[in-house]
Amino acid sequence: MWKKILLPAAGLTFVLAVFIGASFQPQDEFATPPPDREVVTFWHFWGGADRDVVENVVRRFNASQDRYYVQPLAMPGNNLDVKLFLSVTGGAPPDLVNQDDPILADWASRGAITPLDEVATPAEMASLTTFLFPAARRLTTDAEGRMYGLCNGLDIRALYYNQTLLDELNLAPPRTLAELDALSINASAFDDQGRRTRIGYLPDSRRLWAWGAVFGGDFYNEQAQRPTADSPPIVAALGWMQGYAKRLGAEEVQRFRAGDQSLPGKAFPLLPQNESPGSGRYAMILDGQWRTRDIAASNAGRVARGLAPIAYGVAPLPPPPGGPIDAGWVNGNFFLIPRSSRHPQGAWEFMKFWTGLGDHAAAAAETAAAGGWIPVSQQVVDQPRFAEFLQQQPLFQEFIRLAASPNQQPVPVIPGAALYDREIKTAGAAAMSQPETSPAKLLQVVDRQVERHLQFVRSKAGVDQATGDN
């Protein structure tokens, strides 16, 4: 399989492989391992302050035992799969990779990564069933039920709301979908010319993954091995999202979203962008746990300027009648061991140290607290160090509660998951920009595209097996 991937561009590959072998070197601190250690090369994508946290995890692991020595290499940017395959050709493959894109099943189908049961003991594999949150298991388990990686941090979405604003308007955080729809109207604001300056809530066209789960939908039928984006609950979810475009007008939705893009940097639209107003462009917005940092920084800045801090809250996505509670879309970071890894056992030991498996729960709690990351296990959450972190970051507690929910669903772990993700977002954008378009027809197109890709993958796998290629 590696030959099929790399040989068609052998000349260019050779040049790039030489470049990779020369360029992807650990920084000075980690460049000279002790002579009696097995060196585990670890590729990750973190930069800035997060990179410092990652390198501190590596230091603590290296100091915790005397057999393995992890060398971290920051690999920011896209095309990590290309870099991985080229590194194999160049004779300098990593032993461990961290990813957050929906590529696991694709890499597994290409024979590029090692199944977890080939490095973990049967007892360790059994313990993962109870150790990991359901969402963390799903992120690295393919449609056939085999784990190909270990999740080391979850990303959960919930609804942030401006509590100070809701109190001023005598409104409460919504518990049902109908209450959310009402809040969208009642918390809106307009300028003197009648132009909308704030919307209570506006669905994001990219978030059908989340709302489809809230409506009780399942995006993949594992028994039939086919995508099910056009199932009634998901069609209903997209229809509900589209209803906002029908009510407000597609041009108004587009204008308001364009205003979000005009904010400086990656500003959080929930937050006020100057000193005078006490609210941002929304009263409530769907986003991930990392926004707690933005809220803390915003309030610290307000206090420094002599302004009162704003109270914020976090709530789960409210379901329609009969919908599942605490449902939504989850993704996260996960470890993968390349097939070409020369030290897979060392990689596995580091994975356990980071996530808290075995007797490493306290070490994992320190890691999660330092990075502001959601642990993958309740055993880590229950550690005193992480409990201290939650006391300091009360908004984070709702994300932890949701992480344990069995109703948090990832993008299906199937070949072509990245394609599926793009097609779902394309359908969402079309529904919001063209309110007259049928949600069912949009999602039927998604299913056809993904099914076509799956059929290609299956036929290709059959040819490979027939020819004995691997």
Side-chain angles (χ1 to χ4, degrees), residues 156-191 196-204 207 210-216 236-237 239-248 252-253 256-257 260 268-273 276-296 298-299 302 307-329 390-391 393-405 407-408:
I156 299 289
R157 273 72 176 177
L159 290 175
Y160 287 95
Y161 57 89
N162 184 325
Q163 182 66 65
T164 298
L165 174 64
L166 296 190
D167 288 344
E168 291 173 358
L169 299 175
N170 197 28
L171 298 173
R175 294 168 297 177
T176 67
L177 202 67
E179 290 177 354
L180 178 61
D181 291 339
L183 182 144
S184 175
I185 298 171
N186 296 331
S188 294
F190 302 84
D191 62 18
R196 196 181 305 271
T197 58
R198 185 180 67 229
I199 293 179
Y201 175 76
L202 180 62
D204 188 326
R207 299 299 177 236
W211 289 109
V214 170
F215 274 68
W240 169 77
M241 294 169 60
Q242 189 183 55
Y244 278 70
K246 290 179 178 179
R247 182 166 62 250
L248 299 172
E252 175 69 354
V253 170
F256 211 81
R257 287 299 190 198
D260 294 348
F268 189 23
L270 184 72
L271 305 176
Q273 298 303 309
S276 52
S279 67
R281 295 173 59 77
Y282 301 93
M284 176 171 276
I285 193 168
L286 186 156
D287 218 316
Q289 77 278 355
W290 52 88
R291 290 299 192 178
T292 58
R293 295 179 181 178
D294 297 340
I295 289 174
S298 175
N299 272 334
R302 289 179 64 84
L307 299 171
I310 297 173
Y312 295 93
V314 179
L317 307 187
I325 63 170
D326 295 339
W329 169 57
L390 290 180
Q391 287 182 343
Q393 300 286 343
L395 291 181
F396 215 89
Q397 295 183 26
E398 183 65 7
F399 292 98
I400 296 297
R401 191 185 70 80
L402 291 171
S405 169
N407 295 323
Q408 294 289 325

**OP:** Please work out which of the three classes, parallel, tilted or perpendicular, describes the rings of F215 and W240, given edges at 30° and 60°.
**Re:**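 Tilted, since the angle between the ring planes falls between 30° and 60°.
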Original post:
Mind checking whether S298 and I310 have side chains closer than 4.5 Å, heavy atoms only?
Top reply: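 In short, these two side chains do not touch, never coming nearer than 4.5 Å.
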**OP:** Provide the full list of salt bridge (Lys or Arg N to Asp or Glu O under 4.0 Å) pairs with a residue in residues 285-295, sequence neighbours left out, each pair given once.
**Re:**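 For residues 285-295, and leaving out neighbouring residues, the salt bridge (Lys or Arg N to Asp or Glu O under 4.0 Å) pairs sorted by first residue read D50-R293, D287-R291, R291-D294.
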**OP:** May I have all residue pairs that pass salt bridge (Lys or Arg N to Asp or Glu O under 4.0 Å) and include part of residues 179-191, sequence neighbours excluded?
**Re:**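 Qualifying pairs, neighbours excluded: R175-E179.
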Original post:
For A403, what residues pass the side chain to side chain contact (heavy atoms under 4.5 Å, CB included) criterion, not counting sequence neighbours?
Top reply: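 A403 satisfies side chain to side chain contact (heavy atoms under 4.5 Å, CB included) with F133, L154, I156, I374 only.
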Original post:
Who pairs with A187 by side chain to side chain contact (heavy atoms under 4.5 Å, CB included), at least two apart in sequence or on another chain?
Top reply: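 Side chain to side chain contact (heavy atoms under 4.5 Å, CB included) check on A187 returns L169, L171, L183, A283.
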**OP:** Sorted by first residue and then second, give each side-chain hydrogen bond (donor to acceptor under 3.5 Å, both in side chains) pair with at least one member in residues 308-328; sequence neighbours left out.
**Re:**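 Output for this query lists D326-R401.
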Subject >> Listed partners of Y161 passing ring-ring contact (aromatic ring centres under 6.0 Å, His included), at least two apart >> reply: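 For Y161, no residue satisfies ring-ring contact (aromatic ring centres under 6.0 Å, His included) once neighbours in sequence are set aside.
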**OP:** Tell me whether the centres of the aromatic rings in Y282 and F268 are closer together than 6.0 Å.
**Re:**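 No, ring centres 6.0 Å or more apart.
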**OP:** Kindly give the heavy-atom pair with the smallest separation between V214 and P318, and that separation in Å.
**Re:**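 It is CG1-O, 3.5 Å.
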Subject >> Closest heavy-atom pair and its distance - S184, Y201 >> reply: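 Nearest heavy atoms, S184 then Y201: OG-O, 2.7 Å.
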Original post:
For I325, does the CD1 atom sit with more than 12 other heavy atoms under 6.0 Å from it, leaving out its own atoms?
Top reply: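 Atom CD1 in I325 is not crowded, with 12 or fewer foreign heavy atoms closer than 6.0 Å.
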